[in-house]
Amino acid sequence: MKKSPPVADWATDYDILDPDYAKDPLPVWRDLRARCPIAHSDRWGGSWMPTRYEDMQAFVKMVPALSSKEPIVVPPVKAFDPELDQHGTDAPPITSDPPEQIPIRRLILPFFTPKAVAEHRPFTEALCARLIDGFIDQGSCDAAVQYAQEIPSRVIGHMLGIDPARNDEFVGWVRNVLEFGLSDPEIRVKYRRVIRGFFADMVAERRANPGDDLISQLLAKKLGGEPVTDGMVIGMCNLLLVAGIDTTWSSIGAALWHFSCHPGDRRRLAGEPELFPSAIEEMLRFYSPVTMARVATEEIQAGNVTFKPGDRVLMNFPAANHDPEIFDRPDEVILDRERNRHIAFGVGIHRCAGSNLARMEMDVALRAWFARIPEFELADPDAVTWAGGQVRGPRNLPVRFKAG
Amino acid sequence: MRIKVDPEICQGHNRCCALAPELFDTDDYGAAYALNDGAVPEELAEKARLAVDNCPEFAISILDESGGDD
(Lines give C-alpha, C1' and ligand atoms only; values in the text may rest on other atoms or scores of the structure.)
Protein backbone atom coordinates (compact mmCIF):
# COMPACT_ATOMS: atom_id res chain seq x y z
CA MET A 1 0.00 0.00 0.00
CA LYS A 2 1.25 3.49 -0.82
CA LYS A 3 2.37 5.65 2.10
CA SER A 4 0.35 8.75 2.75
CA PRO A 5 1.24 11.69 5.03
CA PRO A 6 0.03 11.52 8.64
CA VAL A 7 -3.41 12.90 9.47
CA ALA A 8 -3.36 16.39 10.98
CA ASP A 9 -7.01 16.61 11.99
CA TRP A 10 -9.43 13.70 11.55
CA ALA A 11 -12.38 16.07 11.18
CA THR A 12 -11.01 17.62 8.00
CA ASP A 13 -8.38 15.16 6.76
CA TYR A 14 -9.34 11.62 7.78
CA ASP A 15 -7.60 8.70 6.14
CA ILE A 16 -9.65 5.49 6.00
CA LEU A 17 -6.51 3.58 5.00
CA ASP A 18 -4.43 4.76 7.99
CA PRO A 19 -3.00 1.60 9.61
CA ASP A 20 -3.61 2.77 13.20
CA TYR A 21 -7.20 3.67 12.32
CA ALA A 22 -7.65 0.20 10.80
CA LYS A 23 -6.35 -1.33 14.03
CA ASP A 24 -8.58 0.70 16.36
CA PRO A 25 -10.99 3.27 14.96
CA LEU A 26 -12.99 3.79 18.17
CA PRO A 27 -11.09 6.87 19.48
CA VAL A 28 -11.50 8.62 16.11
CA TRP A 29 -15.23 7.88 15.99
CA ARG A 30 -15.74 9.13 19.56
CA ASP A 31 -13.90 12.33 18.72
CA LEU A 32 -15.74 12.97 15.44
CA ARG A 33 -19.15 12.05 16.79
CA ALA A 34 -18.75 14.59 19.58
CA ARG A 35 -17.46 17.53 17.55
CA CYS A 36 -18.48 17.20 13.88
CA PRO A 37 -20.36 14.82 13.57
CA ILE A 38 -19.90 14.64 9.76
CA ALA A 39 -16.21 14.77 8.88
CA HIS A 40 -14.66 15.55 5.50
CA SER A 41 -11.45 14.53 3.79
CA ASP A 42 -9.85 15.29 0.44
CA ARG A 43 -7.91 12.04 0.56
CA TRP A 44 -8.64 9.18 -1.86
CA GLY A 45 -10.75 11.32 -4.12
CA GLY A 46 -12.59 13.14 -1.31
CA SER A 47 -15.56 12.09 0.78
CA TRP A 48 -17.80 12.91 3.72
CA MET A 49 -18.01 10.64 6.74
CA PRO A 50 -21.02 10.70 9.07
CA THR A 51 -20.55 8.93 12.41
CA ARG A 52 -23.97 8.96 14.09
CA TYR A 53 -26.56 6.20 13.95
CA GLU A 54 -29.37 8.68 13.35
CA ASP A 55 -27.58 10.22 10.35
CA MET A 56 -26.94 6.82 8.78
CA GLN A 57 -30.63 5.89 9.20
CA ALA A 58 -31.64 9.17 7.55
CA PHE A 59 -29.12 9.00 4.68
CA VAL A 60 -30.06 5.47 3.57
CA LYS A 61 -33.59 6.71 2.99
CA MET A 62 -32.46 9.55 0.70
CA VAL A 63 -32.84 7.57 -2.50
CA PRO A 64 -31.73 8.38 -5.14
CA ALA A 65 -30.52 11.77 -3.84
CA LEU A 66 -27.75 9.65 -2.31
CA SER A 67 -27.19 7.12 -5.08
CA SER A 68 -25.53 3.70 -4.82
CA LYS A 69 -24.00 3.81 -8.29
CA GLU A 70 -20.48 4.07 -6.85
CA PRO A 71 -20.30 2.17 -3.56
CA ILE A 72 -16.50 2.29 -3.39
CA VAL A 73 -15.30 5.68 -2.23
CA VAL A 74 -11.91 5.70 -3.90
CA PRO A 75 -12.16 7.07 -7.45
CA PRO A 76 -14.03 4.62 -9.65
CA VAL A 77 -12.11 2.41 -12.01
CA LYS A 78 -13.72 3.98 -15.05
CA ALA A 79 -11.78 7.17 -14.36
CA PHE A 80 -8.70 5.18 -15.29
CA ASP A 81 -10.07 2.79 -17.86
CA PRO A 82 -12.81 3.94 -20.25
CA GLU A 83 -13.28 0.38 -21.50
CA LEU A 84 -14.56 -0.68 -18.11
CA ASP A 85 -16.94 2.26 -18.09
CA GLN A 86 -19.84 0.38 -19.61
CA HIS A 87 -20.29 -2.56 -17.26
CA GLY A 88 -16.93 -3.27 -15.71
CA THR A 89 -17.76 -2.27 -12.16
CA ASP A 90 -21.46 -3.15 -12.27
CA ALA A 91 -22.44 -5.37 -9.41
CA PRO A 92 -26.22 -5.26 -9.48
CA PRO A 93 -28.22 -4.75 -7.34
CA ILE A 94 -25.70 -3.13 -4.98
CA THR A 95 -24.77 -0.58 -7.65
CA SER A 96 -28.41 0.00 -8.68
CA ASP A 97 -30.92 2.62 -7.60
CA PRO A 98 -34.71 2.27 -7.62
CA PRO A 99 -36.80 1.61 -9.59
CA GLU A 100 -34.48 -0.92 -11.32
CA GLN A 101 -32.96 -1.97 -8.00
CA ILE A 102 -36.10 -3.65 -6.69
CA PRO A 103 -36.72 -6.34 -9.36
CA ILE A 104 -32.97 -6.99 -9.73
CA ARG A 105 -32.63 -7.53 -6.00
CA ARG A 106 -35.58 -9.90 -6.04
CA LEU A 107 -33.66 -12.14 -8.45
CA ILE A 108 -31.03 -12.94 -5.82
CA LEU A 109 -32.98 -12.70 -2.55
CA PRO A 110 -34.52 -16.23 -2.75
CA PHE A 111 -31.02 -17.73 -2.58
CA PHE A 112 -30.32 -16.01 0.74
CA THR A 113 -33.37 -16.53 2.95
CA PRO A 114 -32.74 -18.27 6.29
CA LYS A 115 -34.17 -21.51 4.87
CA ALA A 116 -32.15 -21.30 1.66
CA VAL A 117 -28.84 -20.70 3.44
CA ALA A 118 -29.56 -23.50 5.93
CA GLU A 119 -29.10 -25.89 3.00
CA HIS A 120 -25.43 -24.88 2.86
CA ARG A 121 -24.90 -25.48 6.56
CA PRO A 122 -23.74 -29.13 6.25
CA PHE A 123 -21.19 -28.12 3.59
CA THR A 124 -19.95 -25.31 5.86
CA GLU A 125 -19.71 -27.63 8.88
CA ALA A 126 -17.70 -30.19 6.94
CA LEU A 127 -15.46 -27.44 5.58
CA CYS A 128 -14.73 -25.98 9.05
CA ALA A 129 -14.00 -29.45 10.46
CA ARG A 130 -11.56 -30.12 7.62
CA LEU A 131 -9.81 -26.77 8.08
CA ILE A 132 -9.37 -27.38 11.82
CA ASP A 133 -8.08 -30.91 11.10
CA GLY A 134 -5.40 -29.25 9.00
CA PHE A 135 -3.77 -27.31 11.87
CA ILE A 136 -5.02 -28.61 15.22
CA ASP A 137 -2.07 -31.00 15.65
CA GLN A 138 0.41 -28.14 15.30
CA GLY A 139 -0.97 -26.23 18.30
CA SER A 140 -0.90 -23.01 16.31
CA CYS A 141 -2.25 -21.47 13.12
CA ASP A 142 -2.96 -18.20 11.44
CA ALA A 143 -6.67 -17.99 12.25
CA ALA A 144 -7.24 -15.33 9.59
CA VAL A 145 -5.35 -17.01 6.75
CA GLN A 146 -5.92 -20.70 7.48
CA TYR A 147 -9.45 -20.47 8.83
CA ALA A 148 -11.52 -17.27 8.48
CA GLN A 149 -10.35 -16.54 4.93
CA GLU A 150 -11.05 -20.05 3.68
CA ILE A 151 -14.67 -20.24 4.79
CA PRO A 152 -16.69 -17.62 2.86
CA SER A 153 -14.71 -18.07 -0.35
CA ARG A 154 -15.28 -21.82 -0.38
CA VAL A 155 -18.96 -21.50 0.56
CA ILE A 156 -19.71 -18.96 -2.17
CA GLY A 157 -17.59 -20.99 -4.60
CA HIS A 158 -19.71 -24.02 -3.72
CA MET A 159 -22.93 -22.05 -4.29
CA LEU A 160 -21.72 -20.74 -7.66
CA GLY A 161 -20.40 -24.13 -8.72
CA ILE A 162 -16.77 -22.96 -9.04
CA ASP A 163 -13.98 -25.52 -9.13
CA PRO A 164 -12.65 -25.65 -5.51
CA ALA A 165 -9.09 -25.88 -6.87
CA ARG A 166 -9.41 -22.24 -7.97
CA ASN A 167 -10.29 -20.97 -4.48
CA ASP A 168 -6.93 -19.38 -3.67
CA GLU A 169 -6.94 -17.69 -7.03
CA PHE A 170 -10.22 -15.88 -6.56
CA VAL A 171 -9.46 -14.89 -2.98
CA GLY A 172 -6.43 -13.16 -4.48
CA TRP A 173 -8.57 -11.38 -7.08
CA VAL A 174 -10.96 -10.07 -4.44
CA ARG A 175 -8.15 -8.80 -2.22
CA ASN A 176 -6.62 -7.06 -5.23
CA VAL A 177 -9.90 -5.26 -5.90
CA LEU A 178 -11.00 -4.39 -2.37
CA GLU A 179 -7.80 -4.27 -0.37
CA PHE A 180 -4.55 -3.71 -2.28
CA GLY A 181 -6.38 -2.06 -5.17
CA LEU A 182 -7.93 0.65 -3.00
CA SER A 183 -4.82 2.78 -3.12
CA ASP A 184 -3.68 1.52 -6.51
CA PRO A 185 -6.15 1.89 -9.37
CA GLU A 186 -3.95 -0.06 -11.79
CA ILE A 187 -4.21 -3.17 -9.64
CA ARG A 188 -7.92 -2.63 -9.22
CA VAL A 189 -8.53 -2.29 -12.96
CA LYS A 190 -6.48 -5.38 -13.69
CA TYR A 191 -8.37 -7.62 -11.28
CA ARG A 192 -11.78 -6.18 -12.11
CA ARG A 193 -11.04 -7.40 -15.63
CA VAL A 194 -9.87 -10.81 -14.42
CA ILE A 195 -13.06 -11.35 -12.40
CA ARG A 196 -15.27 -10.12 -15.21
CA GLY A 197 -13.52 -12.38 -17.73
CA PHE A 198 -13.72 -15.39 -15.44
CA PHE A 199 -17.47 -15.02 -14.97
CA ALA A 200 -18.08 -14.22 -18.64
CA ASP A 201 -16.57 -17.62 -19.50
CA MET A 202 -18.44 -19.33 -16.73
CA VAL A 203 -21.81 -17.81 -17.66
CA ALA A 204 -21.31 -18.85 -21.31
CA GLU A 205 -20.48 -22.35 -20.16
CA ARG A 206 -23.56 -22.59 -17.87
CA ARG A 207 -25.77 -21.14 -20.59
CA ALA A 208 -24.67 -24.09 -22.75
CA ASN A 209 -24.67 -26.73 -19.98
CA PRO A 210 -26.98 -25.67 -17.15
CA GLY A 211 -26.54 -27.33 -13.74
CA ASP A 212 -28.24 -26.86 -10.39
CA ASP A 213 -25.87 -24.12 -9.20
CA LEU A 214 -26.81 -20.50 -8.50
CA ILE A 215 -25.47 -19.20 -11.84
CA SER A 216 -27.58 -21.67 -13.85
CA GLN A 217 -30.64 -20.80 -11.76
CA LEU A 218 -30.10 -17.06 -12.26
CA LEU A 219 -29.77 -17.59 -16.01
CA ALA A 220 -33.19 -19.26 -16.05
CA LYS A 221 -34.90 -16.23 -14.46
CA LYS A 222 -36.77 -13.37 -16.08
CA LEU A 223 -36.50 -9.66 -15.50
CA GLY A 224 -39.37 -7.47 -16.68
CA GLY A 225 -40.74 -10.38 -18.74
CA GLU A 226 -37.46 -10.87 -20.61
CA PRO A 227 -34.81 -13.51 -19.92
CA VAL A 228 -32.03 -12.18 -17.71
CA THR A 229 -29.05 -11.12 -19.84
CA ASP A 230 -25.62 -12.69 -19.53
CA GLY A 231 -24.26 -9.25 -18.63
CA MET A 232 -26.61 -8.95 -15.69
CA VAL A 233 -25.67 -12.39 -14.37
CA ILE A 234 -21.96 -11.62 -14.79
CA GLY A 235 -22.48 -8.44 -12.76
CA MET A 236 -24.32 -10.36 -10.05
CA CYS A 237 -21.58 -12.98 -9.83
CA ASN A 238 -19.10 -10.13 -9.51
CA LEU A 239 -21.15 -8.86 -6.57
CA LEU A 240 -21.51 -12.26 -4.88
CA LEU A 241 -17.80 -12.90 -5.13
CA VAL A 242 -16.52 -9.45 -4.20
CA ALA A 243 -19.10 -8.73 -1.49
CA GLY A 244 -19.28 -12.22 -0.08
CA ILE A 245 -15.67 -13.02 0.67
CA ASP A 246 -13.59 -10.57 2.64
CA THR A 247 -16.61 -9.19 4.49
CA THR A 248 -17.48 -12.47 6.22
CA TRP A 249 -13.81 -13.38 6.44
CA SER A 250 -13.35 -10.11 8.36
CA SER A 251 -16.23 -10.86 10.72
CA ILE A 252 -15.06 -14.39 11.54
CA GLY A 253 -11.48 -13.15 11.94
CA ALA A 254 -12.45 -10.19 14.13
CA ALA A 255 -14.44 -12.48 16.42
CA LEU A 256 -11.50 -14.88 16.76
CA TRP A 257 -9.22 -11.90 17.39
CA HIS A 258 -11.54 -10.70 20.13
CA PHE A 259 -11.71 -14.06 21.88
CA SER A 260 -7.98 -14.65 21.53
CA CYS A 261 -7.18 -11.53 23.57
CA HIS A 262 -10.23 -11.34 25.87
CA PRO A 263 -9.96 -14.53 27.93
CA GLY A 264 -12.93 -13.61 30.13
CA ASP A 265 -15.28 -13.45 27.13
CA ARG A 266 -13.67 -16.55 25.62
CA ARG A 267 -14.24 -18.64 28.75
CA ARG A 268 -17.76 -17.34 29.11
CA LEU A 269 -18.75 -18.27 25.54
CA ALA A 270 -17.04 -21.67 25.79
CA GLY A 271 -18.97 -22.37 28.98
CA GLU A 272 -22.29 -20.91 27.89
CA PRO A 273 -22.83 -21.95 24.25
CA GLU A 274 -26.43 -20.70 24.46
CA LEU A 275 -24.84 -17.23 24.13
CA PHE A 276 -23.66 -17.84 20.55
CA PRO A 277 -26.58 -16.00 18.87
CA SER A 278 -26.30 -12.82 20.97
CA ALA A 279 -22.48 -13.03 20.99
CA ILE A 280 -22.44 -13.17 17.18
CA GLU A 281 -24.71 -10.12 16.93
CA GLU A 282 -22.43 -8.34 19.41
CA MET A 283 -19.34 -9.24 17.35
CA LEU A 284 -21.14 -7.93 14.25
CA ARG A 285 -21.96 -4.70 16.08
CA PHE A 286 -18.59 -4.14 17.69
CA TYR A 287 -16.41 -5.16 14.74
CA SER A 288 -18.72 -4.27 11.84
CA PRO A 289 -16.46 -4.66 8.83
CA VAL A 290 -18.29 -2.85 6.05
CA THR A 291 -18.55 0.82 5.09
CA MET A 292 -20.39 1.40 1.81
CA ALA A 293 -20.44 4.69 -0.06
CA ARG A 294 -23.13 6.79 -1.70
CA VAL A 295 -22.79 9.59 -4.22
CA ALA A 296 -24.92 12.73 -3.99
CA THR A 297 -27.00 13.44 -7.10
CA GLU A 298 -28.38 16.72 -5.77
CA GLU A 299 -27.50 19.26 -3.09
CA ILE A 300 -28.31 17.94 0.37
CA GLN A 301 -28.22 19.89 3.60
CA ALA A 302 -27.01 17.47 6.27
CA GLY A 303 -26.85 19.15 9.65
CA ASN A 304 -24.11 21.77 9.50
CA VAL A 305 -22.66 20.57 6.18
CA THR A 306 -23.83 20.54 2.56
CA PHE A 307 -23.29 17.64 0.17
CA LYS A 308 -22.89 18.90 -3.39
CA PRO A 309 -23.83 16.80 -6.46
CA GLY A 310 -20.99 14.35 -7.08
CA ASP A 311 -19.83 14.34 -3.45
CA ARG A 312 -19.23 10.89 -2.04
CA VAL A 313 -20.53 9.92 1.39
CA LEU A 314 -19.08 7.05 3.40
CA MET A 315 -21.89 5.21 5.13
CA ASN A 316 -19.93 4.48 8.26
CA PHE A 317 -22.18 1.76 9.67
CA PRO A 318 -19.37 0.59 11.97
CA ALA A 319 -19.20 4.01 13.64
CA ALA A 320 -22.99 4.16 13.94
CA ASN A 321 -22.87 0.88 15.84
CA HIS A 322 -20.83 2.56 18.58
CA ASP A 323 -23.13 5.56 18.98
CA PRO A 324 -23.83 6.10 22.70
CA GLU A 325 -27.20 7.65 21.81
CA ILE A 326 -28.38 4.19 20.74
CA PHE A 327 -26.18 1.66 22.52
CA ASP A 328 -25.62 1.38 26.23
CA ARG A 329 -21.87 1.15 26.97
CA PRO A 330 -21.15 1.11 23.20
CA ASP A 331 -17.42 0.55 23.42
CA GLU A 332 -17.74 -2.57 25.58
CA VAL A 333 -18.38 -6.05 24.25
CA ILE A 334 -21.39 -7.47 26.10
CA LEU A 335 -21.92 -11.05 24.93
CA ASP A 336 -25.49 -11.24 26.20
CA ARG A 337 -26.53 -7.79 24.95
CA GLU A 338 -30.27 -8.27 24.47
CA ARG A 339 -31.19 -5.05 22.70
CA ASN A 340 -28.82 -4.65 19.79
CA ARG A 341 -30.34 -2.83 16.86
CA HIS A 342 -27.04 -2.74 15.00
CA ILE A 343 -26.72 -1.95 11.31
CA ALA A 344 -23.61 -3.98 10.49
CA PHE A 345 -25.32 -5.20 7.31
CA GLY A 346 -26.37 -1.70 6.40
CA VAL A 347 -29.96 -0.59 6.60
CA GLY A 348 -32.61 0.39 4.08
CA ILE A 349 -33.08 -0.92 0.56
CA HIS A 350 -29.47 -2.09 0.20
CA ARG A 351 -29.42 -4.21 3.35
CA CYS A 352 -26.73 -6.84 2.70
CA ALA A 353 -28.52 -9.50 0.65
CA GLY A 354 -26.13 -12.12 2.02
CA SER A 355 -26.64 -11.32 5.71
CA ASN A 356 -28.25 -14.68 6.51
CA LEU A 357 -25.41 -16.49 4.76
CA ALA A 358 -22.83 -14.46 6.68
CA ARG A 359 -24.56 -15.21 9.99
CA MET A 360 -24.76 -18.91 9.19
CA GLU A 361 -21.04 -18.97 8.34
CA MET A 362 -20.11 -17.10 11.52
CA ASP A 363 -22.25 -19.40 13.61
CA VAL A 364 -20.78 -22.57 12.11
CA ALA A 365 -17.21 -21.24 12.12
CA LEU A 366 -17.24 -20.09 15.75
CA ARG A 367 -19.10 -23.11 17.13
CA ALA A 368 -16.76 -25.49 15.27
CA TRP A 369 -13.71 -23.62 16.56
CA PHE A 370 -14.89 -23.38 20.18
CA ALA A 371 -15.92 -27.06 20.25
CA ARG A 372 -12.37 -28.19 19.49
CA ILE A 373 -10.23 -25.19 20.49
CA PRO A 374 -11.93 -23.66 23.53
CA GLU A 375 -8.65 -22.24 24.82
CA PHE A 376 -6.47 -20.12 22.56
CA GLU A 377 -4.48 -16.91 22.65
CA LEU A 378 -2.51 -14.61 20.38
CA ALA A 379 0.86 -16.18 19.54
CA ASP A 380 2.44 -12.87 18.58
CA PRO A 381 0.38 -9.69 19.05
CA ASP A 382 2.80 -7.69 16.88
CA ALA A 383 2.23 -10.03 13.93
CA VAL A 384 -1.51 -9.24 13.80
CA THR A 385 -2.39 -7.05 10.81
CA TRP A 386 -5.67 -5.32 10.02
CA ALA A 387 -7.05 -4.30 6.64
CA GLY A 388 -8.89 -0.99 6.71
CA GLY A 389 -10.61 1.04 4.07
CA GLN A 390 -14.17 -0.04 3.40
CA VAL A 391 -13.82 -3.61 4.68
CA ARG A 392 -12.08 -3.83 8.04
CA GLY A 393 -10.79 -7.01 9.61
CA PRO A 394 -7.69 -8.96 10.60
CA ARG A 395 -5.60 -10.32 7.74
CA ASN A 396 -2.93 -12.07 9.85
CA LEU A 397 -3.88 -13.57 13.18
CA PRO A 398 -1.33 -16.03 14.60
CA VAL A 399 -2.83 -17.91 17.56
CA ARG A 400 -1.66 -20.80 19.70
CA PHE A 401 -3.55 -23.47 21.61
CA LYS A 402 -3.10 -26.95 23.03
CA ALA A 403 -2.22 -29.29 20.15
CA GLY A 404 -4.55 -32.11 19.18
CA MET B 1 -50.62 -8.59 22.59
CA ARG B 2 -50.72 -8.21 18.81
CA ILE B 3 -47.79 -7.33 16.58
CA LYS B 4 -47.33 -6.32 12.97
CA VAL B 5 -44.44 -6.21 10.53
CA ASP B 6 -44.80 -3.31 8.11
CA PRO B 7 -44.04 -4.87 4.70
CA GLU B 8 -43.14 -1.43 3.30
CA ILE B 9 -40.41 -0.98 5.89
CA CYS B 10 -39.06 -4.51 6.44
CA GLN B 11 -35.84 -5.10 4.47
CA GLY B 12 -35.36 -8.71 5.44
CA HIS B 13 -32.72 -8.50 8.16
CA ASN B 14 -34.60 -11.43 9.75
CA ARG B 15 -33.52 -10.57 13.29
CA CYS B 16 -37.14 -11.15 14.39
CA CYS B 17 -37.22 -14.64 12.87
CA ALA B 18 -34.00 -15.54 14.67
CA LEU B 19 -35.11 -14.14 18.03
CA ALA B 20 -38.70 -15.36 17.95
CA PRO B 21 -39.23 -18.10 15.35
CA GLU B 22 -42.55 -18.88 17.08
CA LEU B 23 -43.82 -15.43 16.07
CA PHE B 24 -42.22 -14.62 12.70
CA ASP B 25 -41.41 -16.28 9.39
CA THR B 26 -40.19 -15.04 6.01
CA ASP B 27 -41.57 -15.19 2.52
CA ASP B 28 -39.59 -16.50 -0.47
CA TYR B 29 -37.70 -13.20 -0.68
CA GLY B 30 -36.73 -13.07 2.98
CA ALA B 31 -39.32 -10.45 3.96
CA ALA B 32 -40.66 -11.10 7.45
CA TYR B 33 -44.28 -11.45 8.48
CA ALA B 34 -45.99 -12.16 11.79
CA LEU B 35 -47.42 -15.64 12.23
CA ASN B 36 -50.98 -16.23 13.52
CA ASP B 37 -52.12 -12.78 12.39
CA GLY B 38 -49.70 -11.26 14.85
CA ALA B 39 -51.30 -12.79 17.94
CA VAL B 40 -48.71 -13.15 20.70
CA PRO B 41 -49.38 -15.60 23.53
CA GLU B 42 -48.57 -14.09 26.90
CA GLU B 43 -45.53 -16.29 27.48
CA LEU B 44 -43.94 -14.94 24.29
CA ALA B 45 -44.59 -11.25 24.99
CA GLU B 46 -40.99 -10.59 26.05
CA LYS B 47 -39.70 -12.27 22.87
CA ALA B 48 -42.00 -10.06 20.82
CA ARG B 49 -40.60 -6.97 22.55
CA LEU B 50 -37.07 -8.17 21.84
CA ALA B 51 -37.94 -8.54 18.16
CA VAL B 52 -39.34 -5.00 18.12
CA ASP B 53 -36.25 -3.60 19.84
CA ASN B 54 -33.74 -5.40 17.61
CA CYS B 55 -35.24 -4.56 14.23
CA PRO B 56 -32.77 -2.28 12.42
CA GLU B 57 -35.58 -0.89 10.26
CA PHE B 58 -38.05 -0.14 13.09
CA ALA B 59 -40.51 -2.19 11.05
CA ILE B 60 -42.27 -4.09 13.84
CA SER B 61 -44.93 -2.52 15.97
CA ILE B 62 -47.05 -3.65 18.88
CA LEU B 63 -50.67 -3.03 17.91
CA ASP B 64 -52.36 -3.67 21.18
CA GLU B 65 -50.56 -4.13 24.38
CA SER B 66 -52.43 -6.15 26.93
CA GLY B 67 -49.96 -6.46 29.73
CA GLY B 68 -47.75 -3.39 30.22
CA ASP B 69 -44.97 -1.88 28.11
CA ASP B 70 -41.31 -1.71 29.09
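Lettering follows sequence order; numbering is per chain, from 1.
- Under a cut-off of 6.0 angstrom, the local environment of CD in A:Glu325 is sparse, with at most 12 non-hydrogen atoms contributed by other residues, nucleotides or ligands.
- Shown here is B:Asp64, whose CG atom has more than 12 heavy atoms of other residues, nucleotides or ligands within 6.0 Å.
- The shortest non-hydrogen separation linking A:Arg359 to B:His13 is NH1-O, 3.5 Å.
- B:Asn54 and A:Glu338 get closest at one heavy-atom pair: ND2-O, 2.9 Å.
- A pairwise comparison of heavy atoms in B:Gly30 and A:Thr113 identifies N-CG2, 3.5 Å as the closest pair.
- For A:Phe112, no part sits under 4.5 Å from any heavy atom of chain B, backbone or side chain.
- Heavy atoms of A:Pro110 lying under 4.5 Å from chain B belong to its backbone as well as its side chain.
- Contact check on B:Arg15 versus A:Glu281 returns a salt bridge, with a Lys/Arg side-chain nitrogen under 4.0 Å from an Asp/Glu carboxylate oxygen.
- No more than 12 heavy atoms of other residues, nucleotides or ligands lie within 6.0 Å of CD in A:Glu54, so this atom counts as exposed by the packing criterion.
- Residue-environment remark: CD (B:Glu42) stays at or below the threshold of 12 foreign heavy atoms within 6.0 Å.
- The CG atom of B:Leu50 sits 11.0 Å away from atom CG of A:Asn340, with the distance rounded to the nearest 0.5 Å.
- Most heavy-atom pairs under 4.5 Å with chain A, from the set B:Ala18, B:Ala31, B:Gly12: that is B:Gly12.
- Here the straight-line distance linking atom CD1 of A:Ile108 with atom OH of B:Tyr29 works out to 12.5 Å at 0.5 Å rounding.
- The contact between A:His342 and chain B is made by backbone and side chain atoms together, counting heavy-atom distances below 4.5 Å.
- Atom CD of B:Glu8 has 12 or fewer neighbouring heavy atoms from other residues, nucleotides or ligands inside a 6.0 Å radius.
- Inter-residue side-chain proximity for B:Thr26 and A:Pro114 is flagged as met; some heavy-atom pair is nearer than 4.5 Å.
- In this structure, A:Arg341 forms a cation-pi arrangement with B:Phe58, its terminal cationic atom sitting closer than 6.0 Å to the ring centre and no more than 45° off the ring axis.
- Nearest heavy-atom pair, A:Ile343 versus B:Pro56, reported as atom, atom and distance to 0.1 Å: CG2-CB, 3.9 Å.
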Trace of the side-chain contact (heavy atoms from CB on, under 4.5 Å) decision for B:Asp28 with A:Arg106: CA-CA 10 Å; B:Asp28 290 347; A:Arg106 285 173 72 89; over 6 Å; no
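- A:Ile349 is listed as a side-chain neighbour of B:Gln11, based on a closest heavy-atom distance under 4.5 Å.
- The most heavy-atom pairs under 4.5 Å with chain B, out of A:Arg351, A:Lys115, A:His350, come from A:Arg351.
- Ion pair B:Glu46/A:Arg339 flagged as a salt bridge, since at least one NZ, NE, NH1 or NH2 atom sits closer than 4.0 Å to an Asp/Glu carboxylate oxygen.
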